[in-house]
Amino acid sequence: MSMFKALRIQQDQQSFQTNVANCAIEELPETGILIRVHYSALNYKDMLAMEGHKGIVEQYPHTPGIDAAGIVMESSNANFRIGDAVIVTGFDLGTRVWGGLSELIRVPANWLVHCPAGLSLFEAMAYGTAGLTASMCVDSLLQVGVSADLGPVAVSGATGAVGSLAVSLLVKLGFEVIAITRKAQGREFLHHLGAAEVLDAQEFLQPESKGLLKQRWIGAIDCVGGDLLMNLLKSTIYGGSVACCGMALSAQFTGSVYPFILRGINLLGIDCAQLPIDVRLQLWNSLANEWRLEQIEKQVSTINLSQVVEVALRMRAAQLQGRYVVDLRSA
């Protein structure tokens, strides 16, 4: 397979165009393990790459895609043999190096994990970076003592990929979940996932002058940032925790130290791009076993490579819900 298809972003002065292109294998990085990608996924960071966000991509032309799952085609590493099913998410995939929205990729061996037994390549990308982030958020809350018997857990940005998977994982683990969304059309979707209550995000989007608000949840997973994050903190029950993993609304928030020193609230920062391999393996094994979502396909829409740009535009307009997996088996 000397020629293959990939999504390529071209820069023309200050504008950016994204198209499916025919590529030669010689265009890939020279070293690493060659993988035939079966599935990738569309993430918020991929959409930003298509817009030319300098904090995501430094040089163009570029192939985005921070997720990939496929089969090893060439390898000189004893840990990964030809025919092995593997997953790669994060690190520099789709940012500084050729990404997963491509039929072929070549990546360092220390970015890869074997796809756990019982988890298909499709399911791996139904989770992907979003699922890894959601599971890391849930795990971080559990580690600081958040438990279902202490109260509900709130999830902001709940119709998004990370948010919807977080809702499902928390429900799976027996938590009462309060979902927060700006999308009225997403209420039925969230109730179907098992959310006990769905709140309008507008209630939390305005700066609140009070240092503390009524205590409502023992924990929260925030996918959007901004003033919503601060209002989540102000509404957390004494001794509770908030895991912060996103900034779709804003990277900035304004508030006081009151939630931290008067209620002992923990703010937990979540990053899965540079997550060590041993932690990745632990989380992937959890997702393949005790945290496995039996009907995850109901949260997933499957598209092909030629549909990615159109769906990315809808993502920018906040018109999506759930997770979008890209089928590259016949790109």
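Atoms considered below: every heavy atom in the structure, side chains included; atoms not considered: hydrogens, waters and symmetry mates.
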> How far apart are the closest heavy atoms of Ile221 and Ala166, and which atoms are they?
Replying inline: CD1-CB, 3.9 Å
> Counting distance only, does the side-chain N/O of Asn304 pair as donor-acceptor with the main-chain N or O of Ser306 below 3.5 Å?
Replying inline: yes
> Is there a chain of hydrophobic side chains (I, L, V, M, F, W, Y, each step under 4.5 Å between heavy atoms) that links Ile105 to Ile82?
Replying inline: no
> Are Leu305 and Ile303 connected in the hydrophobic side-chain network, where two residues link if heavy atoms are under 4.5 Å apart?
Replying inline: yes
> In this structure, are over 12 heavy atoms from other groups packed under 6.0 Å from Gln274 atom CD?
Replying inline: yes
> So Thr181 and Leu190, side chain to side chain contact (heavy atoms under 4.5 Å, CB included) or not? Walk me through it.
Replying inline: CA-CA 9 Å; Thr181 181; Leu190 292 168; 3.8 Å; yes
>> Counting C-beta onward and ignoring hydrogens, is there a side-chain heavy-atom pair between Tyr238 and Gln215 closer than 4.5 Å?
In response: yes
>> What's the separation between atom CZ in Arg216 and atom OG1 in Thr236, rounded to the nearest 0.5 Å?
In response: 10.5 Å
> Within the side chain of Asp222, is there an N or O that forms a donor-acceptor pair under 3.5 Å with the backbone of Gly225?
Replying inline: yes
> Do Leu150 and Phe175 have side-chain heavy atoms sitting under 4.5 Å apart?
Replying inline: no
> Around Tyr258, counting heavy atoms of other residues, nucleotides and ligands shown, do more than 12 lie under 6.0 Å from its OH?
Replying inline: no
> Does Leu232 reach the side chain of Ser156, with side-chain heavy atoms less than 4.5 Å apart?
Replying inline: yes
> Roughly how far apart are Lys5 NZ and Leu101 CG, rounded to 0.5 Å?
Replying inline: 14.5 Å
> Is it true that the side chains of Asp67 and Thr129 contain a donor and an acceptor less than 3.5 Å apart?
Replying inline: yes
>> side chain to side chain contact (heavy atoms under 4.5 Å, CB included), that's the test. Do Leu268 and Val144 meet it? Break it down for me.
In response: CA-CA 10 Å; Leu268 310 171; Val144 293; 4.0 Å; yes
>> Is a donor from one side chain sitting under 3.5 angstrom from an acceptor on the other, for Gln299 and Ser168?
In response: yes
> For Leu275, does its backbone N or O pair with a side-chain atom of Arg280 as donor and acceptor, under 3.5 Å?
Replying inline: yes
> Does the pair Asn77 and Ser75 meet the rule for a side-chain hydrogen bond (donor to acceptor under 3.5 Å, both in side chains), with working shown?
Replying inline: CA-CA 5 Å; Asn77 187 291; Ser75 172; 5.4 Å; no
>> Working to the nearest 0.5 angstrom, can you tell me the gap between Leu205 CG and Ser250 OG?
In response: 11.0 Å
> What distance do Gln307 atom CD and Ser301 atom OG have between them, rounded to the nearest 0.5 Å?
Replying inline: 10.0 Å
> Counting only heavy atoms not in Gln59, do more than 12 fall under 6.0 Å of its CD?
Replying inline: no
>> Between His53 (side chain only) and Gly55 (backbone N and O only), is there a donor and an acceptor less than 3.5 Å apart?
In response: yes
> Is there side-chain contact between Val155 and Ile178, with at least one heavy-atom pair below 4.5 Å?
Replying inline: no
> Does Asn79 offer a backbone N or O that forms a donor-acceptor pair with the side chain of His114 under 3.5 Å?
Replying inline: yes
> Rounded to the nearest 0.5 Å, how far does OG of Ser256 lie from NZ of Lys234?
Replying inline: 6.0 Å
>> Parallel, tilted or perpendicular: which one describes the rings of Phe122 and Tyr39, with boundaries at 30° and 60°?
In response: perpendicular
>> I need the single residue from Asn289, Val279, Val113 that forms a side-chain contact (heavy atoms from CB on, under 4.5 Å) with Trp284. Which is it?
In response: Val113
>> So which atom in Val146 and which in Ser241 form the shortest heavy-atom distance, rounded to 0.1 Å?
In response: CG2-CB, 4.2 Å
> With the threshold set at 4.0 Å, does a side-chain nitrogen-carboxylate oxygen contact exist between Glu51 and Arg316?
Replying inline: yes
>> Please determine whether the number of non-hydrogen atoms from other residues, nucleotides or ligands lying under 6.0 Å from atom CZ of Arg314 exceeds 12.
In response: yes
> Backbone N or O of Val20 within a donor-acceptor pair of the Arg8 side chain at under 3.5 Å?
Replying inline: no
> Quick one: does Lys45's side chain get under 4.5 Å of Thr95's, heavy atoms only?
Replying inline: yes
> Tell me, do Ile56 and Tyr44 make a side-chain contact under 4.5 Å, heavy atoms counted?
Replying inline: no
> Which heavy atom in Cys245 sits nearest to a heavy atom in Ile270, and how many Å separate them?
Replying inline: CB-CB, 3.9 Å
> side chain to side chain contact (heavy atoms under 4.5 Å, CB included) between Met73 and Leu104: does it pass, once the steps are laid out?
Replying inline: CA-CA 9 Å; Met73 293 183 65; Leu104 292 179; 3.6 Å; yes
> Just checking, any donor-acceptor pair under 3.5 angstrom between side chains of Asp278 and Gln282?
Replying inline: no
> Do side-chain atoms of His62 reach the backbone of Trp98 as a donor and acceptor pair under 3.5 angstrom?
Replying inline: no
> Do you know which two heavy atoms are closest between Cys115 and Ser120, and how far apart they sit?
Replying inline: SG-O, 4.0 Å
>> Assigning hydrophobic clusters by single linkage (Ile, Leu, Val, Met, Phe, Trp, Tyr; side-chain heavy-atom cutoff under 4.5 Å), is Ile66 placed with Leu283?
In response: no
>> Would a single hydrophobic cluster contain both Leu313 and Leu48, if residues Ile, Leu, Val, Met, Phe, Trp and Tyr are joined by side-chain heavy-atom contacts under 4.5 Å?
In response: no
> So, the side chain of Asp84 versus the backbone of Phe80: is there a donor-acceptor pair under 3.5 Å, distance only?
Replying inline: no
> More than 12 heavy atoms of other residues, nucleotides or ligands under 6.0 Å from NZ of Lys54: is that the case?
Replying inline: yes
>> If I take atom CG from residue Leu165 and atom CH2 from residue Trp291, how far apart are they, to the nearest 0.5 angstrom?
In response: 12.5 Å
>> Looking at every non-hydrogen atom in both residues, tell me the closest pair between Ala24 and Met3 and how far apart they are.
In response: CA-SD, 3.7 Å
>> For Trp217 and Phe204, take the angle between the two ring planes, folded into 0 to 90°, and tell me which bin it lands in: parallel under 30, tilted 30 to 60, perpendicular over 60.
In response: tilted
> Taking Asn231 for the side chain and Leu228 for the main chain, is one N or O donor matched with an acceptor at less than 3.5 Å?
Replying inline: no
> Quick one: does Leu42's side chain get under 4.5 Å of Arg323's, heavy atoms only?
Replying inline: no
>> Is it true that, when you exclude Lys183 itself, more than 12 heavy atoms of the residues, nucleotides or ligands shown sit nearer than 6.0 Å to its NZ?
In response: yes
> Is atom CD of Gln252 surrounded by more than 12 heavy atoms (other residues, nucleotides or ligands) closer than 6.0 Å?
Replying inline: no
>> Whether Arg292 and Glu123 form a salt bridge (side-chain N of Lys/Arg under 4.0 Å from carboxylate O of Asp/Glu) is what I want to check.
In response: yes
>> So does Val72 get a backbone contact from the side chain of Arg81, meaning a donor-acceptor N/O pair under 3.5 Å?
In response: no
>> Set out, in order, the CA-CA distance, both residues' side-chain angles and the distance that settles side chain to side chain contact (heavy atoms under 4.5 Å, CB included) for Leu267 and Cys244, then state yes or no.
In response: CA-CA 7 Å; Leu267 178 57; Cys244 174; 4.0 Å; yes
> Can you name the nearest heavy-atom pair linking Cys272 to Thr133, along with the distance?
Replying inline: SG-OG1, 3.0 Å
> What do the steps show when you test Gln17 against Ser15 for side-chain hydrogen bond (donor to acceptor under 3.5 Å, both in side chains), and what is the final call?
Replying inline: CA-CA 7 Å; Gln17 293 81 38; Ser15 64; 3.0 Å; yes
>> Is the shortest side-chain heavy-atom distance between Arg106 and Glu74 below 4.5 Å?
In response: yes
> Is there a path of hydrophobic side-chain contacts, each under 4.5 Å between heavy atoms of I, L, V, M, F, W or Y residues, that connects Val162 with Ile180?
Replying inline: no
